[in-house]
Structures are given as structure tokens and as C-alpha cells.
Amino acid sequence: MSTKTKVALGIIGAVAAGVAIGLLIAPETGKDMRKKIKKTAGSWADNLTHLFERGKEELEAKGRSAKASAEDKMNKMKETLS
């Protein structure tokens, strides 16, 4: 896991904890609180889904790049040995 990913997950975790604490100590009725928690949880789920999809795409791109680089080096070695 890269440093950027760790930082992003740390920030998301800290924000989630802060929002949860804020929701729990806010003076609202139970019904309003449940609506707010449901809306917030849905938003977090969407953000995490987007984050994981982006991470997957970046990982796949790096894999393709590494494969292309390895193939290029193999071709150069073959040319040198021929």
C-alpha cells in the first residue's frame, strides 16, 4: 500500500470518527439522527467505493506498465544475444 493510500485512508477514518462523534452528541431527536446517520453512511460508502475503484484502476495501470517494461527489456536482451 502506497503512502498516498495510507494517508487517504487515515484522513477518511479521522473524518468518519469526527462526524460520528458529532452526530452522537448533537441535540436532535432519534428520528432525525437516524436519517442523518443513514445519509452520512451512504455518502461514506459511495466515497469508499470510488476510492477503491480508483485504486484498482491505478494498480491495473501500473501492472500493464510493468509488463510492457519487462517485455521491452526482454526484447532488447534477445536482440543483444542474437
Side-chain angles (χ1 to χ4, degrees):
M1 191 179 295
S2 73
T3 303
K4 288 181 183 179
T5 304
K6 289 179 185 178
V7 170
L9 289 176
I11 290 171
I12 289 170
V15 169
V19 171
I21 291 169
L23 288 174
L24 293 174
I25 52 178
E28 295 183 26
T29 64
K31 184 178 180 181
D32 292 338
M33 183 64 63
R34 286 188 296 274
K35 284 181 184 178
K36 190 179 281 189
I37 289 172
K38 183 178 178 182
K39 181 180 176 184
T40 304
S43 175
W44 289 346
D46 291 342
N47 289 339
L48 284 175
T49 299
H50 177 70
L51 179 66
F52 285 125
E53 287 175 0
R54 198 171 107 210
K56 181 182 173 187
E57 289 170 1
E58 286 183 24
L59 189 66
E60 289 172 348
K62 290 194 185 274
R64 286 189 300 271
S65 175
K67 182 180 177 183
S69 177
E71 288 173 349
D72 184 46
K73 288 180 182 180
M74 286 294 292
N75 288 335
K76 285 181 182 178
M77 285 176 53
K78 288 178 183 177
E79 288 175 11
T80 303
L81 293 174
S82 297

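Worth knowing before you read on, the calculation uses all heavy atoms, side chains too, and leaves out hydrogens, waters and symmetry mates. One-based numbering along the sequence shown. Quick caveat: nothing in here was measured; it's all calculated off a predicted structure.
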task = Please check if Leu59 and Val7 belong to a single hydrophobic cluster, counting links between Ile, Leu, Val, Met, Phe, Trp and Tyr side chain heavy atoms closer than 4.5 Å.
result = no
Sorted by chain and number, sequence neighbours left out, side chain to side chain contact (heavy atoms under 4.5 Å, CB included) with Ser43 holds for Asn47
Contacts of Asp32 meeting side-chain hydrogen bond (donor to acceptor under 3.5 Å, both in side chains) (sequence neighbours excluded), chain-then-number -> Thr29
By salt bridge (Lys or Arg N to Asp or Glu O under 4.0 Å), Asp46 pairs with (sequence neighbours left out) none
Under 3.5 Å donor-acceptor pairs involving side-chain atoms of residues 71-81, not counting sequence neighbours:
{"unit_1": "Asn75", "atom_1": "ND2", "unit_2": "Glu71", "atom_2": "O", "d": "3.3"}
{"unit_1": "Thr80", "atom_1": "OG1", "unit_2": "Lys76", "atom_2": "O", "d": "2.8"}

With sequence neighbours left out, the residues meeting side chain to side chain contact (heavy atoms under 4.5 Å, CB included) with Ile12 are Leu48, Leu51
Strictly below 4.0 Å, N to O, side chains only: are Glu58 and Arg54 in salt-bridge contact? yes
Sorted by chain and number, sequence neighbours left out, salt bridge (Lys or Arg N to Asp or Glu O under 4.0 Å) with Lys56 holds for none
Quick check: does any side chain N or O of Ser69 sit under 3.5 Å from a backbone N or O of Ser65, one acting as donor and the other as acceptor? no
